[in-house]
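Working notes, beginning with the structure itself.
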Amino acid sequence: MLRWIMGGRGSQGTIEKSAALCIGEEQPKNCFTELQVLKGHFDIVRFLVQIDDFRFASAGDDGMVLVWNVETGERLVELRGHTQQITAMTTYTFIKGERPHTALITASSDRTLSLWDPDSGNRLQTVSDLHSSVKCLLVLDHLDVWLSGGNELCVWNRDFQLKCKTVHHRDAGITAMVDLPKNCVAASMDKEIMIFKLNLSEAEMSILAIHHLADHQDTIRSLININNELFASGSHIGELILWDTVNWTIQAYEHILWEEPAGDGQSEIRIGQQKQSEMSIQHMYSDGELITAAVGSGLYVYNAVMKSIVAYRKVAHDSDILHTELLDNGRVMSCSEDGSIRIWELQDLPLAAEPASTGFFGMFGTFGRSGKQAGAPTKKLLEVPGLRSLELIGDLIGHSGAVQMFVSFGVKGLVTCSADHLLIVWKDGKRESQLRSLALFQKLEQSGGL
């Protein structure tokens with residue numbers, strides 16, 4: 001069994017956690033010094049979707065979808081129609097007349113799908129005769145169709161006409177989907193990944209399951225695209241697998257285990273003796289080269305191209321991390337059940353680093369099932385070249401409940417949503433001050449005051 005093992009949980013874990021929590025009020029590298037609280041929801045807000053450069057939509061357990069202006073905080077429209085919680089939401093851009101138009105697709109526990117116009121607030125299309133609620137949505141722009149996944153996989157066109165479907169009688173159903181080359185789609189179902197192929201050569205479109213990947217040992221929690229050559233999946237017990245997008249072979253397999261001190265030495269604590277949530281990969285994000293993964297309350301950055309660890313922090317939050325992303329400036333952001341949003345900077349390790357007991361990832365390269373069970377030796381941390389550290393440079397405290405996710409609008413700000421029913425727009429205080437001063441000068445000029 002391949003594994004990587006991260007330090008002890010005694011004094012070392014205490015020091016790391018203390019360092020993460022005690023950043024203080026002086027955060028010179030944190031530009032988010034202003035915030036605007038947006039109210040409108042009456043239950044947990046779970047989803048945020050960016051519509052364009054200045055608008056976004058929020059949705060959650062109250063069944064409402066609200067469209068906001070990120071610059072002003074104005075609530076633009078309310079999309080009402082679902083009677084139960086929203087389970088998935090995405091944007092769908094198509095040509096309307098001669099101009100591209102972005103609509104919203106939502107799925108709900110009331111077993112309906114809806115297409116919304118975020119400009120007018122009108123519900124353009126709806127489907128209400130589904131056999132089960134939809135858990136995930138995927139838009140295939142190049143085919144001008146979109147997919148809904150649950151206990152059945154359905155293919156729809158822009159007019160909400162069902163083109164084809166395939167049924168899977170499983171309790172878990174399809175929980176995530178990613179687009180693959182050659183009109184293929186990968187869909188996670190419990191411990192397996194099914195590969196489906198859309199057949200466009202026939203008079204009527206069809207979708208068939210052509211392959212299944214059964215290398216995970218526990219429920220798959222995250223499934224993402226990396227680039228044209230790779231996609232990745234992460235499981236409840238910390239398995240991270242990189243797959244080839246064309247032939248679906250394993251390109252790298254990593255298994256996360258902790259190590260705890262026991263008596264006079266350090267001993268391995270096996271999965272059955274630990275809280276599995278400490279190793280569960282709740283969320284992953286990739287910029288095409290790097291992957292950032294939320295594993296329990298820890299953060300890990302991995303180079304998918306080089307198959308090597310870049311940086312890690314075993315304890316990044318007090319509770320499980322629910323969402324993480326790589327920002328445009330190369331920094332990492334994470335949000336957690338503990339109600340905080342944190343910004344991390346990749347920094348080079350000092351030359352005189354404190355000795356570390358164990359490595360991060362077990363082995364790198366291409367491994368099949370036989371490779372996973374070979375019991376290969378672990379790699380020491382100091383043997384990993386180019387290892388960097390994740391240093392906390394910003395701690396955003398404003399929510400009183402678990403922060404579900406966030407969306408970055410670059411210089412315009414950052415939007416977060418939470419179990420406290422609130423949205424917060426975090427803004428660059430220096431930039432906002434300059435904009436206010438500029439607006440004041442312009443107003444004085446117009447009124448003849450200058």
Stepwise side chain to side chain donor-acceptor pair (under 3.5 Å) test for R111 and S133: CA-CA 4 Å; R111 298 187 180 184; S133 59; 5.8 Å; no
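- W146 contributes a side-chain N or O that, together with a main-chain N or O of N157, makes up a donor-acceptor pair within less than 3.5 Å.
- In this structure, S108 contributes its side chain and Q84 its backbone to a donor-acceptor pair below 3.5 Å.
- Looking at S222, its side chain never comes within 3.5 Å of a backbone N or O of S233 through a donor-acceptor pair.
- Checked by atom type and distance alone, the side chain of R313 pairs as donor or acceptor with a backbone atom of L390 at under 3.5 Å.
- The environment of NE2 in H211 is crowded: more than 12 heavy-atom neighbours from other residues, nucleotides or ligands sit within 6.0 Å.
- Here S334 pairs with H317, W344 under the side chain to side chain donor-acceptor pair (under 3.5 Å) rule; sequence neighbours left out.
- Looking at heavy atoms from C-beta onward, W243 lies in side-chain contact with I193 at the 4.5 angstrom threshold.
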Between N303 and E289, is a side chain to side chain donor-acceptor pair (under 3.5 Å) present by the stated rule, with each step listed? CA-CA 6 Å; N303 190 314; E289 179 182 359; 3.3 Å; yes
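- Side-chain contact check for F409 versus F56: some heavy-atom pair is nearer than 4.5 Å.
- Rounding to the nearest 0.5 angstrom, the gap separating the OG1 atom in T112 from the CD1 atom in I86 is 7.5 Å.
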Could you go step by step and tell me if H101 and T93 meet the side chain to side chain donor-acceptor pair (under 3.5 Å) rule? CA-CA 5 Å; H101 180 75; T93 301; over 6 Å; no
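- The aromatic ring centres of H283 and H323 sit less than 6.0 Å apart.
- Around CG of N228, the count of heavy atoms belonging to other residues, nucleotides or ligands within 6.0 Å does not exceed 12.
- Using a 4.5 Å heavy-atom threshold, the side chains of L240 and M284 count as touching.
- With a 4.5 Å cut-off on side-chain heavy atoms, M189 and M194 count as touching.
- The two residues C184 and D179 have their closest heavy-atom pair at O-OD1, 3.5 Å.
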I would like to know whether T292 and T324 meet side chain to side chain donor-acceptor pair (under 3.5 Å); could you show each step before the answer? CA-CA 7 Å; T292 178; T324 179; 3.2 Å; yes
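- Between K191 and D218 there is no salt bridge, since none of the side-chain N atoms of the basic residue sits less than 4.0 Å from a carboxylate O of the acidic one.
- A tilted orientation is assigned to the rings of W156 and F160, their planes being inclined by 30° to 60°.
- For S418 (side chain) and A402 (main-chain N/O), a donor-acceptor pair under 3.5 Å exists by modelled atom type.
- Atoms CG and OG, on L76 and S120 in that order, are 12.0 Å from each other to the nearest 0.5 Å.
- Using a 4.0 Å cut-off between charged side-chain N and carboxylate O, D119 and R55 make a salt bridge.
- L66 has its side chain within reach of H41: a pair of non-hydrogen atoms, C-beta onward, lies under 4.5 Å apart.
- Of the possible polar contacts, one joining the S235 side chain to the E239 backbone as a donor-acceptor pair under 3.5 Å is found.
- Expressed to the nearest 0.5 Å, how far CG of D62 lies from CZ of R80 amounts to 8.0 Å.
- Across every non-hydrogen atom of G173 and K135, the tightest pair is N-NZ, 4.3 Å.
- Within a 6.0 Å sphere centred on CG of D159, heavy atoms belonging to other residues, nucleotides or ligands number more than 12.
- Residues C335 and I321 fail the side-chain proximity criterion, which asks for heavy atoms closer than 4.5 Å.
- The shortest side-chain heavy-atom distance between V134 and L113 falls under the 4.5 Å cut-off.
- With contacts defined as side-chain heavy-atom distances shorter than 4.5 Å, the pair C136/I174 qualifies.
- Residues Y92 and F94 place their aromatic rings such that the two centres sit under 6.0 Å apart.
- Counting all heavy atoms, side chain and backbone alike, N30 lies closest to I343 at OD1-CD1, 3.7 Å.
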